[in-house]
Amino acid sequence: MKAELRIKNHPILEFKKEKILKFKFEEKDYEGYEGETIAVALHASGVKVLGRSEVKNRPRGFYCAIGNCSSCLMIVNGEPNVRTCVVQLEEGMKIERQEGKGELLWKL
Amino acid sequence: METVELLIIGAGPAGLCAAISAVSSGAKVMLVDRNDTLGGQLIKQTHMFFGSEKQYAATRGTDITKILLAEIEKYKENIKIYKNTTALGMYEDGVVTLARNDKYIKVKPKAIIVATGASEKVLAFPNNDLPGIYGAGAVQTLMNVYGVKPGNKVLMVGAGNIGLIVSYQLMQAGVKVEAIIDAAPEIGGYLVHASKIRRLGVPIYTSHIVKEAIGLDYLEKAVLIEVDEKWQKVRGTEKEIDVDVMCISVGLTPLTELLMQKGCEVKYVPELGGLVPTRNENYETSIDNIFVAGDVSGVEEASAAMVEGYLAGLCAADKIGFRHDDFKKLKKDYIEQLHSLRAGPESDKIRGGIAKIERRAQDV
Amino acid sequence: MFESTGVATREMVMKTFPTKERLEKGSVAVIECYKEIPCNPCATACRQDAIKTFVDINDLPTLDHERCNGCTLCMVNCPGLAIVVVDKNYTGEDALFKIPFEFKPLPLEGDIVRGLNRAGEHICDVEVVKIQNPKSFDQTAILSLLVKKEYLYDFITIEVGVK
């Protein structure tokens, strides 16, 4: 976890960071805190590229961080199109970058 | 199907105030929000608010949230709060569909207040999709909700109130703001905000735009260029600056999708952020018993959103048979508060925009 | 100019400052609120009736310097952080500035820190003589600073440690 992005001393706010959660991103071990979203935990760990666009394979990061814009869609525990900016991190999650639209787990 | 007297969609400043107002009038309220915390964008506002005491002036946005939630708590028997609940659709037969924790719910309210807020606009320039380029609200979320810096060196694009306030908040979080730019020749936000950033050494470049962003997988540099009075780029004025974050703060646009699906009349009013519903002075749209409040009815400051919420909650409750004992007095007060918030020279545009969407009084 | 830079001109500053005679008499607030916005906490906070009650919430504050005793109440209530309090004759050489400050880490009493003008330029070094940060100030600390009198109309704040 890159310490320098976490705010240690804020004039107005206090941040409670208590429980550490372990998760995997692209099969490597990462850590974040309980109560934060997947995108936030990745960002704090220095991960900026969350996926690639469908047609031109452009790198994608989050943009709005409130679940509006779909720029942060990733594959979480095998499920594609998860809005990682609003979905909370959980212990043991397996997170992968999504390329393009992703494939649904179920078939018609 | 759940029966509901009044459904309020969105629990930001407008929705919370609408709920308080309606429930204190005697109505039973269902308040839904797609997030797992109430307060909307208020919970990210660490600065003291403007306005007067009635709009919680000189109180920080974060603390206003606490005040409103404490008020809501007093009426909890009559307010059903559904967090993590997204309103999916509003249909002809009056049914509203909701998704709550992957469950599908249908409700049929007697009246609805739509307080869905607004979303951030994006800006067109080459490589505007690079990671590292974020909406100003996203940066606030990261810093002020989760305690994580967006990066180390920031270019703020947009010198309106949000751009200026977020720049100050970035500095409070220990992040260097390299510059604030705006395409307009003058600073759009309150000058007290501009002065408090400027005196800390952050340059503000007016008449400047982003020519392009540079970076392979994420933002590494930004190229700025001056524009003339006709908004044309002035050749040879490029400035390259090393930044790992670009924060886009070029305005908001109302989230009116639900209203449009329902068939409420909307008009394109740039002064208010884009497509906005027409409404009467009670904040009721062109469709009976569908009310609006807050940024969805036109993008303004949060102080106005709260008063709009109180007014819409009061009037929506009245419409379905719950008239507050002090209805007339309160309504007059809320209308006067809105009037005075919008009376100054900084609100010229807002007043012009509202003149285009306000349908003249029916019953007062 | 001010509208595109956010930096008040010397002329604007001089107009806002109390008269030389008033400055001789001790602590007084300087309110740098130059544009009408819907905001009135300074007027409601004032206990001396020095800031005229607003007729319209968009009014600019008008401060009666004779009534003002420099109590700092308006300063901690100003959402724009646009108010400082000046005691020109605090010592023979130095004025005492009280400024609102919302950054961490706070300096320590006795520290020498970099003084800035309204454009953020380093103009002088100033000594921190007192820090007040009680709960009632709601995280807006008040720093009391010794500033050489020659910088009376130029000094406005101190540098914060964002590198």
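Just the heavy atoms: all of them, side chains too, but no hydrogens, waters or symmetry mates, feed the values below.
- Around NZ of C:Lys149, the count of heavy atoms belonging to other residues, nucleotides or ligands within 6.0 Å exceeds 12.
- Within 6.0 Å of atom CD in B:Glu53, 12 or fewer heavy atoms from other residues, nucleotides or ligands are found, so the atom counts as exposed in its surroundings.
- Here the closest non-hydrogen pair linking B:Ala194 and C:Gly6 is CB-CA, 4.2 Å.
- Between atom CD1 of residue C:Ile57 and atom OG of residue B:Ser303 there is a gap of 8.0 Å, rounded to the nearest 0.5 Å.
- Both the backbone and the side chain of C:Asp138 come within less than 4.5 Å of a heavy atom of chain B.
- Taking chain B as the reference chain and counting heavy-atom pairs below 4.5 Å, the highest number among C:Ala45, C:Pro79, C:Ala8 is found for C:Pro79.
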Run the ring pair (Phe, Tyr, Trp, His ring centres under 6.0 Å) check on B:Tyr168 and C:Phe103 step by step: do they pass?
CA-CA 10 Å; B:Tyr168 184 72; C:Phe103 291 90; 5.4 Å; yes
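- At a 4.5 Å heavy-atom cutoff, the contact between C:Cys78 and chain B is made by backbone atoms alone.
- Counted within 6.0 Å of NZ on B:Lys349, heavy atoms from surrounding residues, nucleotides or ligands total 12 or fewer; the atom is thus considered open.
- Between the side chain of C:Glu102 and the backbone N or O of B:Gln172 there is no donor-acceptor pair closer than 3.5 Å.
- The local environment of NE2 in C:His122 is crowded, with over 12 non-hydrogen atoms from other residues, nucleotides or ligands closer than 6.0 Å.
- For B:Tyr146, the OH atom is densely surrounded, since the number of other residues' heavy atoms within 6.0 Å is greater than 12.
- Note on B:Glu346, B:Met48, B:Arg60: by heavy-atom pairs under 4.5 Å with chain C, the leading option is B:Arg60.
- Contacts of C:Leu116 with chain B are made by side-chain atoms alone, with heavy-atom separations under 4.5 Å and no backbone atom involved.
- Judged by distance alone, with hydrogens and angles left aside, the side-chain atoms of B:Ser195 form no donor-acceptor pair with the main-chain N or O of C:Val7 at under 3.5 Å.
- Ranked by non-hydrogen atom pairs under 4.5 Å with chain C, the options B:Gly201, B:Ser52, B:Ala57 are led by B:Ser52.
- Looking at C:Glu121, neither its backbone nor its side chain comes within 4.5 Å of chain B, counting heavy atoms on both sides.
- Other residues, nucleotides and ligands place more than 12 heavy atoms under 6.0 Å from the NZ atom of C:Lys104.
- Residues C:Pro38 and B:Tyr190 form a side-chain contact, since some pair of their non-hydrogen atoms from C-beta on lies under 4.5 Å apart.
- B:Asp63 touches chain C through its side chain: at least one heavy atom from C-beta onward sits under 4.5 Å away, while N, CA, C and O do not.
- The choice from B:Leu200, B:Val202, B:Ile204 that makes the most heavy-atom pairs within less than 4.5 Å of chain C is B:Leu200.
- Side-chain atoms of B:His193 and C:Ile37, non-hydrogen and from C-beta on, never get closer than 4.5 Å to each other.
- Among B:Lys196, B:Glu301, B:Arg198, the residue making the largest number of heavy-atom pairs under 4.5 Å with chain C is B:Arg198.
- Within the model, atoms CD1 of C:Ile99 and CZ of B:Arg199 stand 8.0 Å from one another, a figure rounded to the nearest 0.5 Å.
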Apply side chain to side chain contact (heavy atoms under 4.5 Å, CB included) to the pair B:Leu191 and C:Tyr34, showing each step before the final yes or no.
CA-CA 8 Å; B:Leu191 287 163; C:Tyr34 299 108; over 6 Å; no
Applying side chain to side chain contact (heavy atoms under 4.5 Å, CB included) to C:Lys35 and B:Ile187, what does each step give before you reach the verdict?
CA-CA 12 Å; C:Lys35 283 281 265 196; B:Ile187 293 163; over 6 Å; no
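- Against chain B, no residue from residues 9-25 of chain C qualifies, as none has a non-hydrogen atom under 4.5 angstrom away.
- Interface summary for chain B: among C:Asn77, C:Asp59, C:Val76, C:Asp56, the most heavy-atom pairs under 4.5 angstrom belong to C:Asn77.
- With a 4.5 angstrom heavy-atom cutoff, C:Phe54 does not touch chain B via any of its atoms.
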